[in-house]
Amino acid sequence: MADTPQRFTDADAMAQEIFDRVGGRVRLALPLGLGKPVTLVNALTRAAMQDRSLHLSIFTALTLQRPSPQEDMEKRFLDPAADRLFGQYPPLLYADMIQGDGLPDNIEVSEFFFQAGSWLGCDYAQRHYISANYTHARDVLIAQRPNVLSQLLVQRDDRFSLSCNTDISSDLFAFRARGEMDFIAVGEVNDDLPFMGGPATIGTGEIAMLLDPPERFDLFSAPRRPVSHAQHAMGLHVSRLVRDGGTLQIGIGAIGDAVAQALLLRDRGALDPVWQDAPFPLSGDNTAPFEQGLYAVTEMLVGGLLALFESGVIRREVDGAAIHAGFFVEARDMYERLRAMPPEQRGRIAMMPVSFTNALYGDEAAKRAARVHARFVNGAMQASLLGDVMSDSAKPGQVVSGVGGQFNFFEQAFALEDGRAIVTLPATRESGGAVTSNVVWQLPLTTVPRHMRDMVVTEYGLADLRGQTDEEVIRRMICIADSRFQDRLVKEAQDAGKLARGWRVPEAHRNNTPEALRGWLAGHGDALPDFPFGTDFTEIEKLLLPALSRLGNAAASKRALVALVWAGFTAPAHPNEGAAMARMGFDERPSLGEPLQARALRGALRRS
C-alpha cells in the first residue's frame with residue numbers, strides 16, 4: 001500500500017481507474033446508510049451502464065432515499081420542504097434504476113437491511129434481499145469475495161475517520177491487515193462528517209484512491225417524527241426498567257426519543273406527577289435519578305442517546321468511552337453537535353464494529369463485566385399472544401426493513417446476567433380507516449421466536465414473559481392489549497386450548513383505551529412534547545402532520561373520508577387553519593367550490 005492515496009477530483013476518471021485495477025469486475029463492499037460515497041458510487045454505476053463488458057456487484061444495506069411522493073397531498077407537503085428536511089442529498093443511480101426500468105444485467109445489488117418501507121412492492125429489491133443478523137452480514141459479505149471497499153471519509157492531517165460507519169468496515173480493514181482478505185479501499189471526502197477518533201481512525205496508507213470532488217453533497221438528514229401519546233407512554237414504562245449503573249441500547253425513531261426523554265425526566269426527578277396520574281398498572285421500581293449513570297452499547301447512535309450523553313445521564317465509562325456504537329444516521333443537527341464537541345468529549349463516544357457492539361464473542365469476559373444490568377430496547381410491528389415478535393416483514397412476505405441487530409440483542413439479553421430485551425409495540429394500528437390490534441393470536445412471519453420471548457411493552461404496560469408458561473404469557477399479553485380487542489383474543493386462546501375457559505381479563509386491565517391514555521398524558525404536554533429533541537419542521541408543518549396522517553388513514557374508507565369532508569363544513573375552524581391550508585397550496589378561506597381533498601384536510605385539521 002502507498003503512503004498516501006492517489007487523489008482524484010473527477011469521479012468518472014476514478015471509477016474507470018478502479019475498474020482497470022480489478023480487471024473490469026468490481027465486487028463492491030458498500031457501507032449501510034450515511035457512509036455511502038454517493039458521487040463515486042454513481043460514477044461506478046455510470047461506467048458499468050456505458051460499458052456492458054464491465055461488471056458491478058454491490059453488497060450493502062440501508063440505501064437512503066429522499067421520498068418521492070406520488071399522491072397530490074404528499075407532494076404539496078414534501079416538495080417545498082424537501083431540501084430543508086432531507087438535505088440536498090443526491091439520489092443513488094442504482095436505486096433510481098431499481099425503482100424505474102431496472103438494472104442492466106451487468107449490475108447487481110443486494111441489501112441485508114432496507115430503509116423502512118422503501119422497497120415494498122419492488123420485485124427486484126425483494127428478490128435480492130438477504131436475510132441476516134447484523135453480526136452475520138459481515139460474513140455473508142466476505143463470502144462474496146469483495147475486491148473493493150468504498151466509503152465516505154473525513155480527513156484530519158495524516159488520518160482518515162470512518163466516522164459514521166465502523167460497523168463492518170473496521171473488521172474488514174483488520175482482516176486485510178492480517179492477510180485474511182484482499183481488497184482495495186477507496187474513499188470520498190466529506191468534511192460535514194464529524195471526525196470520530198479511536199477505532200474509527202485509519203492511516204492514509206490504508207486508502208488506495210481518494211475522491212475529493214469539487215462539490216460535496218449534503219449529508220442525508222433523517223427528519224425526526226413526532227412522538228405520539230402511545231410512544232411517550234411506552235417510553236415512560238421502559239424508563240422504570242432501566243437500572244442506575246446499568247447498560248442501555250435503544251433503537252431508531254420516535255420510540256427511542258420517547259425512552260430518552262423519559263430517562264431525562266426521571267433524572268430530573270420530574271416524573272412523580274406523571275406516575276400519580278397513571279390509569280394503568282405500573283411495573284418496575286427504577287424511578288430515582290441516576291447517581292452512577294449509564295453506559296451505552298448500541299449498533300446505532302441515535303439522537304436520544306446523544307442527548308442522554310450530553311446531559312450526563314450516560315456517563316459510566318468502559319475503556320474510556322461512555323458510548324460504544326456501530327453507525328449513525330440522524331437529523332443534521334446531530335452531525336453538527338458531534339462536529340462542535342470538544343475533542344475530549346467526542347472521544348468518549350467510540351465508534352466500533354458491530355462484532356463488538358452486537359455480540360459477546362471476542363473478549364467475552366470484559367464485555368460481560370461492562371454490560372451489567374443491560375436493557376436492550378427495540379421496536380416491533382406485531383407480537384403474538386405466545387410472545388414471538390414480527391419486526392422486519394409484513395404479509396405476504398414483503399420485507400419492510402430487515403432483521404438488523406434486533407435478534408443479536410435478544411441473544412445478549414439471555415446470555416448476560418440480569419440482561420433484558422424489551423420490545424416496544426403500539427397496541428394498535430390504523431389503516432384504511434380501520435383500527436386493528438398489534439397483539440394477535442398468530443403472526444404471519446417471525447423475527448424473534450417465542451422461545452426467546454422476554455419483555456413486551458405497549459402504551460398500556462409491561463408483559464414480562466421470560467420463563468413463563470404459555471398460558472401465563474397469553475394472560476400477560478392480553479393484559480397489555482387494547483381493551484377493544486381483549487375479548488376476541490381471550491376467545492382465540494381458549495379455542496386453541498391454551499387458556500383456561502374460566503379466565504377473565506382483570507378489571508385493572510379493562511381500561512386500556514386511547515381515551516384513558518389521552519386523559520393520562522394530555523395534562524403533561526410540557527414534559528412530553530411532540531418533538532423532545534427538536535425538529536426541522538415548522539410550526540405549521542407540525543400542525544399538519546397529524547392532520548395528514550388522519551387524512552391518509554381515512555383515504556381507503558369512503559365513510560371515514562365523508563366524515564372528514566363533513567367536519568370540514570360543520571366543525572369550528574382551527575385557529576391556524578388558514579396558514580395550514582396556504583402551506584399546502586390551497587386558499588386560506590373555505591369556499592363552496594374548493595376541491596374535496598382540501599375540504600377533507602380542513603376537516604382533519606378541525607378534528608385535531
Side-chain angles (χ1 to χ4, degrees), residues 65-89 91 96 99-100 115-122 221-231 254 394 398 400 426 428-436 514 518 530-531 535-608:
Q65 302 175 78
R66 287 168 45 139
S68 299
Q70 303 300 313
E71 302 296 329
D72 180 63
M73 295 299 263
E74 291 179 333
K75 290 180 180 180
R76 288 173 178 270
F77 182 78
L78 285 175
D79 284 352
D83 287 349
R84 168 164 47 86
L85 296 175
F86 301 98
Q88 292 181 331
Y89 185 77
D96 281 354
Q99 289 178 320
Q115 185 178 352
S118 62
W119 293 122
L120 285 173
C122 176
S221 183
R224 297 188 181 100
R225 299 292 298 175
V227 181
S228 67
H229 277 158
Q231 290 162 332
Q398 291 278 305
V400 175
T428 62
R429 69 185 183 279
E430 184 175 355
S431 179
V435 177
T436 56
R518 282 194 296 271
D530 292 346
F531 295 93
T535 178
D536 288 320
F537 292 113
T538 67
E539 291 302 314
I540 291 299
E541 287 165 353
K542 287 193 284 186
L543 170 66
L544 281 164
L545 283 170
L548 290 170
S549 176
R550 186 173 292 110
L551 183 59
N553 287 331
S557 167
K558 185 176 181 180
R559 175 180 291 184
L561 200 56
V562 168
L564 287 183
V565 171
W566 181 246
F569 280 105
T570 60
H574 190 283
N576 294 312
E577 180 176 303
M581 296 301 291
R583 166 62 180 80
M584 293 293 288
F586 296 113
D587 290 340
E588 292 189 25
R589 295 179 179 276
S591 66
L592 289 176
E594 74 179 345
L596 283 179
Q597 64 174 356
R599 185 65 67 166
L601 176 59
R602 288 188 193 277
L605 286 165
R606 294 176 183 192
R607 286 189 169 184
S608 297

Inset, instruction - Hey, could you give me the CG/CD1 distance between N576 and I540, rounded to the nearest 0.5 Å? - result: 4.5 Å
Inset, instruction - Grab the two heavy atoms, one from A254 and one from P226, that are nearest each other, plus how far apart they are. - result: CB-O, 3.8 Å
Inset, instruction - Can you see which heavy atom on M581 is nearest to which on D587, and at what distance? - result: CB-O, 3.6 Å
Legend entry - Contact check, side chains of R599 and P590, non-hydrogen atoms, under 4.5 Å: yes
Inset, instruction - Taking Q115 for its side chain and Q65 for its backbone only, find out whether a donor-acceptor pair lies under 3.5 Å. - result: yes
Inset, instruction - Please step through side-chain contact (heavy atoms from CB on, under 4.5 Å) for the pair L564 and L601, ending with a clear verdict. - result: CA-CA 7 Å; L564 287 183; L601 176 59; over 6 Å; no
Inset, instruction - Evaluate the side-chain contact (heavy atoms from CB on, under 4.5 Å) criterion for residues T538 and L543: first the C-alpha distance (whole Å), next the side-chain angles of each, then the deciding distance (0.1 Å), finally the verdict. - result: CA-CA 9 Å; T538 67; L543 170 66; over 6 Å; no
Inset, instruction - Give, for atom CE of M73 and atom CZ of F586, the distance between the pair rounded to the nearest 0.5 Å. - result: 4.5 Å
Inset, instruction - Answer yes or no: does atom CZ of R589 have more than 12 heavy-atom neighbours from other residues, nucleotides or ligands under 6.0 Å? - result: no
Legend entry - N/O donor-acceptor pair under 3.5 Å between R76 side chain and M584 backbone: yes
Inset, instruction - For atom CD of E74, decide whether the heavy atoms of other residues, nucleotides or ligands shown that lie under 6.0 angstrom number more than 12. - result: yes
Legend entry - Spatial distance of atom OG (S557) from atom CD (E430) [nearest 0.5 Å]: 9.5 Å
Legend entry - Heavy-atom side-chain contact between W119 and Q398 under 4.5 Å: no
Legend entry - Heavy-atom check, side chain of R583 versus side chain of F77, under 4.5 Å: yes
Legend entry - side chain to side chain donor-acceptor pair (under 3.5 Å) partners for K75, two or more places apart: none
Legend entry - Interatomic distance, S549 atom OG to L551 atom CG [nearest 0.5 angstrom]: 9.5 Å
Legend entry - Nearest-0.5 Å distance that lies between atom CZ in F569 and atom CZ in R606: 9.5 Å
Inset, instruction - First locate atom CG of D536, then atom CD of E541, and finally report the distance between them rounded to the nearest 0.5 Å. - result: 9.5 Å
Inset, instruction - Find out whether R225 and L545 are in side-chain contact, i.e. whether some heavy atom of one side chain is under 4.5 Å from a heavy atom of the other. - result: yes
Legend entry - Residue pair E594 / S591, side-chain donor-acceptor N/O under 3.5 Å: no
Legend entry - Ring-face cation of R84 near F537 (centre distance under 6.0 Å, axis angle within 45°): no
Inset, instruction - Flag the pair T436 / S431 as yes when at least one side-chain heavy-atom distance between them is below 4.5 Å, and no otherwise. - result: no
Inset, instruction - For A547 and A604, work out which heavy atoms get closest and say how close. - result: O-CB, 3.4 Å
Legend entry - Closest contact, heavy atoms only, A582 versus E588: CB-CG, 3.8 Å
Legend entry - Heavy-atom closest pair, residues G87 and S221: N-CB, 4.4 Å
Inset, instruction - Would you check if the side chain of Q70 reaches a backbone N or O of S68 as a donor-acceptor pair within less than 3.5 Å? - result: yes
Legend entry - H574 backbone acceptor or donor facing R602 side chain under 3.5 Å: no
Legend entry - Donor-acceptor contact below 3.5 Å, side chain R66 vs main chain L85: no
Legend entry - Pair D530 + R224: basic N to acidic O under 4.0 Å: no
